[in-house]
Amino acid sequence: MSIEDELFERRLERAREMGSAGLRPYGRRFDFTHEIPEAIAQFSSKDATELTPDGPRVKVSGRVMTIRRMGKAAFAHLAGGGGRIQIYVRKDAVSVEDYDLFEKLDLGDVIGVEGYVFRTRTGELSIHAEKLTFLSKILLALPEKWHGLEDVETRYRQRYLDLIANPDVRGIFITRARLIKSLRRQLEERGFIEVETPMMQPLFGGAAAKPFVTHHNALDIDLYLRIAPELYLKRLIVGGLDRVYEINRNFRNEGLGWKYNPEFTMLEFYQAYTDYLGMMDLTEKLLATAAEDATGSTLITWGDRVLDFSKWRRLSMRDAVIEYWEGDDKPSANDVRDPDWLLRHGGKATAGESLGHLFETLAEPKLMEPTFIYDYPVEVSPLSMKKPDDPGMTERFEIYVAGMEIGNAYTELNDPQEQRRRFDMQLAMRAGGNEEAHAMDEDYLRALCYGMPPTGGEGIGIDRLTMLFTGTRTIRDVILFPQLRPEGEIGIAARLRDSDKPK
RNA sequence: GGGCGCGUAGCUCAAUUGGCAGAGCAAGAGACUCUUAAUCUCUAGGUUGAAGGUUCGAUUCCCUCCGCGCUCACCA
C-alpha cells in the first residue's frame with residue numbers, strides 16, 4: 001500500500017471514528033462572526049493591552065494550513081476568505097473533547113474556532129481558542145507548505161488545489177471579476193442593456209474562424225458553437241435596442257497558445273448613432289477606468305515596462321507598417337497604398353489581406369503601449385463600413401497592448417446591398433480556399449433590409465485584458481479551467497468504494 | 001499538425017561515465033503550554049509516466065505510446 005493510500009485510509013477511519021463519537025466529519029452550517037481578512041482588518045490596530053480574555057471575541061472558519069504542536073498547547077494557521085489567521089489552542093482552555101479533536105486534526109481539515117483575540121509574544125494577531133467545531137475532513141495530502149504546488153499540469157487540472165496552495169492565484173481571478181464588474185457598471189451607466197444571444201447557431205459568423213460543430217437530436221440538425229455574437233447583436237440594433245452588450249464565451253476551433261484558448265470570454269457592445277471614432281473615445285474611458293477599478297491604477301506593470309491605460313496612441317495600419325518596417329527598403333506612403341507592392345511583400349491573395357499580414361507580422365508584436373490601429377482593408381473587414389474617401393479601407397480599429405490584440409471595433413456596415421456584395425466577396429474567398437471566410441447569412445441581410453441605424457460596435461477580449469491587469473504571461477493562468485487533454489483514470493472512486501466495504 | 005524539451009515518494013527537488021534510487025516537507029510513534037518553514041529522537045513511504053529493446057546490469061542509451069511545457073504554422 002502506498003503512503004497515499006495509507007493516509008487516505010487512516011483519514012477515512014478518523015472520519016468514521018468522529019462520526020461514531022457523535023461529531024460530524026462533514027459538518028453543517030457554521031455562523032461565523034468574521035471572515036478571516038475582516039477579523040485581521042478589525043483588530044490589526046489593537047495592541048496587546050486592548051486584546052485580553054475579556055476583550056473582543058470572534059468565531060471564524062477556515063482550512064488548517066499549518067500546525068505547530070508543543071505538548072499541551074499548539075499554534076495553527078487557518079486560511080479562509082483570502083486571508084490567514086493564527087489560532088492558539090491550549091489544553092486547559094478548551095474542553096477535553098475539543099482538545100481530543102484538535103489532536104486528531106490533519107493539515108487541510110476545515111474547522112470553526114471561537115475564542116478571544118490576542119497578540120502573541122512576537123506580536124502576531126491570533127485567536128485564543130475556547131471552542132472548536134469540525135466542519136470538513138481532508139482525505140488526500142495537501143501540497144508542500146513552503147513551495148506550494150508548482151506542477152503546471154496539476155495546477156490547471158486541479159485548480160481547487162492551486163487555489164488552496166498558491167494564494168496569488170485567487171488574486172488573479174478576483175482582478176478578473178473586478179474587471180468584468182467595472183465594464184458592466186460603466187456600460188450600464190451609459191444606458192447599455194445586457195442581452196444574451198444564441199451560443200448554438202445554425203450559421204456561424206461575425207469573425208474569421210473555424211467553428212466547433214455540435215448536434216441537436218430532437219431537431220436533428222447540426223449547430224455551430226458561436227465564434228462571435230456580432231450578427232445577433234446587430235439584429236437587436238435593428239430592433240431598436242440602441243445600446244446593447246453581451247459578455248460571454250466564444251468558441252474557435254483553432255490551435256492553443258499563450259494567448260489562445262478554444263473558448264474565451266468576449267465583451268461585445270453596440271451603440272446606435274455613433275461610429276468607430278465614437279467607439280474609440282468610449283474605449284479610452286472604459287479601459288482606463290477598468291484598469292483603475294481592477295488594479296487600483298491606470299499604470300500597468302508588464303515585464304520591465306509600465307503601460308499607461310490613460311494615454312492612447314492612434315496610428316493607421318499603413319503608417320504602422322512603415323514605422324515598424326525592418327530593413328533598409330522602408331516603404332513609402334505610396335508603397336503601402338500600392339496593390340502591386342503589397343501583393344509582392346505580403347504574399348496573400350489580395351492587396352488588403354497582404355497589408356493585414358504585413359501589419360500582423362511587423363507591427364503587432366511591437367505595439368506595447370495602448371494603441372489604436374485604424375483603417376483596415378475591406379477584404380479582411382466584411383462587416384465594416386467603407387471609408388468614403390478611401391474605398392479600399394474601412395472605418396475600423398483594433399486595440400493593441402503588450403503585443404496583443406485586445407479588441408476590435410468598427411462603424412457597422414448597414415447598407416444591405418453593400419453587405420450582400422461583401423458576403424459574395426467572402427463566398428468567393430471561401431471558394432478560393434479560405435476556410436474562415438464568412439458564409440452568406442440571409443436573415444442578417446433581411447434584418448438590414450428593415451434599416452439599421454448607423455452604429456458603432458466593438459469587441460474586447462476579457463481574458464487578454466485580464467492577462468495585462470495581472471501581469472500574467474499565459475492565457476491559461478487567467479482561465480480557471482483551461483482546455484487540456486482528458487486525464488484518464490484517476491482511481492479515486494475505486495479507492496472510496498474499497499474503503500466502503502465492510503471489513 | 002511540425003520541431004525542441006520535460007515526466008523520479010502525496011508535494012518540492014537530487015542521483016557522477018550505464019553500477020545498491022536519496023533529501024526536505026507531508027505521514028506514523030515519542031518529547032515539548034508563545035510557536036510561526038517550530039525544534040529534537042525514531043519509523044515507514046518508489047511499477048523512476050506506460051510498454052518494448054540494447055546490456056551482466058537502465059532513472060540514465062534506443063524505439064513506440066501517453067501526458068505536459070515551449071515554439072512554428074493557423075487563429076482574437
Side-chain angles (χ1 to χ4, degrees), chain A residues 1-11 48 65-77 84-94 99 106-108 118-126 128 138-158 161-162 164-166 206-211 227-228 250-268 356-357 360-361 364 380 398-400 404-409 434-436 459-465 467 473-476 482 484-489:
Chain A
M1 193 191 263
S2 76
I3 185 74
E4 201 196 359
D5 287 334
E6 272 177 50
L7 190 82
F8 195 81
E9 273 305 319
R10 188 156 45 227
R11 289 179 176 180
M65 300 307 286
T66 62
I67 305 179
R68 292 173 293 283
R69 300 179 201 272
M70 292 159 300
K72 299 185 184 65
F75 287 94
H77 272 105
R84 227 171 232 246
I85 196 162
Q86 182 169 259
I87 64 168
Y88 180 47
V89 183
R90 289 171 59 125
K91 192 167 188 178
D92 57 12
V94 297
Y99 202 75
D106 290 303
L107 289 183
F118 77 113
R119 279 194 188 278
T120 62
R121 207 164 281 166
T122 53
E124 180 168 349
L125 195 71
S126 306
H128 201 289
I138 188 170
L139 299 177
L140 293 164
L142 235 37
E144 211 225 15
K145 63 184 172 188
W146 191 242
H147 297 93
L149 180 64
E150 304 272 348
D151 185 77
V152 180
E153 185 178 349
T154 310
R155 288 189 46 229
Y156 296 153
R157 285 199 196 282
Q158 296 177 258
L161 253 196
D162 193 25
I164 291 169
N166 301 320
K210 287 174 219 146
I227 57 173
N250 290 343
F251 307 88
R252 300 190 184 172
N253 207 339
E254 303 289 351
L256 291 75
W258 69 277
K259 50 181 174 177
Y260 301 95
N261 193 65
E263 57 178 305
F264 63 99
T265 300
M266 180 100 121
L267 161 67
E268 285 206 13
H357 183 250
E360 278 169 21
T361 50
E364 176 170 347
V380 296
E398 289 191 340
I399 306 162
Y400 285 90
M404 280 192 284
E405 184 191 335
I406 298 302
N408 178 23
N434 185 343
E435 280 182 72
E436 291 170 358
I460 293 178
I462 298 298
D463 312 272
R464 290 183 179 179
L465 205 50
M467 288 170 68
R473 310 308 288 220
T474 164
I475 199 165
R476 299 187 139 194
L484 297 176
R485 281 200 167 79
E487 178 179 14
E489 193 74 25

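FYI, side chains are in, hydrogens and waters are out, and symmetry mates aren't considered; it's all heavy atoms of this structure. Reminder, nothing fancy here: chain letters follow the sequence lines and each chain counts from 1.
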OP1 or OP2 of [N] versus the side-chain N and O atoms of [X]: is any pair under 4.0 Å?
X: A:Arg485; N: B:C66; value: no
X: A:Lys145; N: B:A26; value: yes
X: A:Arg90; N: B:U33; value: no
X: A:Arg68; N: B:A38; value: yes

Is the shortest side-chain heavy-atom distance between [X] and [Y] below 4.5 Å?
X: A:Leu256; Y: A:Pro262; result: yes
X: A:Trp258; Y: A:Arg473; result: no
X: A:Met65; Y: A:Lys145; result: no
X: A:Leu484; Y: A:Arg157; result: yes
X: A:Leu161; Y: A:Arg155; result: no

When the [atom1] atoms of [M] and [N] are compared, how many Å lie between them, rounded to an integer?
N: B:C70; M: B:A31; atom1: P; value: 50 Å
N: B:C4; M: B:A26; atom1: C1'; value: 35 Å
N: B:A21; M: B:G46; atom1: C1'; value: 8 Å
N: B:A50; M: B:C66; atom1: P; value: 15 Å
N: B:C74; M: B:C6; atom1: C1'; value: 26 Å
N: B:A14; M: B:G7; atom1: P; value: 9 Å
N: B:U48; M: B:U60; atom1: C1'; value: 10 Å
N: B:U59; M: B:C13; atom1: C1'; value: 14 Å

Shortest side-chain distance from [X], nucleotide among [options]:
X: A:Arg10; options: B:C34, B:G10, B:A27; value: B:A27
X: A:Trp258; options: B:U71, B:C74, B:C34; value: B:U71
X: A:Arg252; options: B:C75, B:A38, B:A26; value: B:C75
X: A:Glu153; options: B:C34, B:G67, B:U35; value: B:G67

Exercise for the section: Please figure out whether A:Lys210 or A:Arg69 has its closest RNA chain B nucleotide nearer the 5' end. Expected result: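 Residue closer to the 5' terminus by nearest nucleotide: A:Arg69.
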Exercise for the section: Nearest-nucleotide wise, let me know which of A:Arg464 and A:Tyr156 is further upstream toward the 5' end of RNA chain B. Expected result: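 Result: A:Tyr156.
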Check every strand shown and say whether [X] touches a base, only sugar-phosphate, or nothing at a heavy-atom separation below 4.0 Å.
X: A:Asn261; value: base
X: A:Arg473; value: nothing
X: A:Leu484; value: sugar-phosphate
X: A:Gly461; value: nothing
X: A:Ala228; value: nothing
X: A:Phe8; value: nothing

Any side-chain to backbone donor/acceptor pair from [X] onto [Y]? Under 3.5 Å, distance only.
X: A:Asp162; Y: A:Leu149; result: no
X: A:Asp463; Y: A:Thr265; result: yes
X: A:Arg464; Y: A:Lys259; result: yes

To the nearest Å, how far apart are [X] [atom1] and [N] [atom2]?
X: A:Lys91; N: B:C34; atom1: NZ; atom2: P; value: 15 Å
X: A:Glu6; N: B:A9; atom1: CD; atom2: P; value: 16 Å
X: A:Phe118; N: B:U33; atom1: CZ; atom2: P; value: 16 Å
X: A:Asn253; N: B:C74; atom1: CG; atom2: P; value: 17 Å
X: A:Leu7; N: B:C25; atom1: CG; atom2: C1'; value: 13 Å
X: A:Lys72; N: B:U35; atom1: NZ; atom2: C1'; value: 16 Å
X: A:Lys259; N: B:C70; atom1: NZ; atom2: C1'; value: 16 Å
X: A:Asp106; N: B:G28; atom1: CG; atom2: P; value: 6 Å

Practice task
Confirm from the modelled atom types if A:Glu124 and B:U35 form a donor-acceptor pair under 3.5 Å, side chain to base only.
Solution key: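 Between B:U35 and A:Glu124, which were checked side chain against base, a qualifying N/O pair under 3.5 Å is absent.
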Practice task
Examine the base of B:C75 for any acceptor or donor lying under 3.5 Å from a partner atom in the side chain of A:Tyr260, and report the outcome as yes or no.
Solution key: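 Such a pair exists between side chain and base.
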Problem - A:Arg90 NZ/CZ over A:Tyr99 ring centroid, <6.0 Å and within 45° of normal - result: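 Ring-cation test returns no.
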Handout entry: Reported CZ-to-CD distance for the pair A:Arg252 and A:Glu436, which is rounded to 0.5 angstrom
Key =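 Result: 9.5 Å between the selected atoms.
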Fill in the blank from the handout: Annotated structure of RNA chain B as dot-bracket, pair cut-off 3.5 Å, Watson-Crick or G-U only, | for inter-strand, is (((((((..((((.....[..)))).(((((.......))))).....((.((..]....)).)))))))))....
Can you give me the N/O atom pairs linking the protein to nucleotides 11-14 of chain B at distances under 3.5 Å, or say none if there are none?
unit_1: B:C11; atom_1: O2'; unit_2: A:Glu144; atom_2: N; d: 3.0
unit_1: B:C11; atom_1: O2'; unit_2: A:Gly148; atom_2: O; d: 3.2
unit_1: B:U12; atom_1: OP1; unit_2: A:Glu150; atom_2: N; d: 2.9
unit_1: B:U12; atom_1: OP1; unit_2: A:Asp151; atom_2: N; d: 2.8

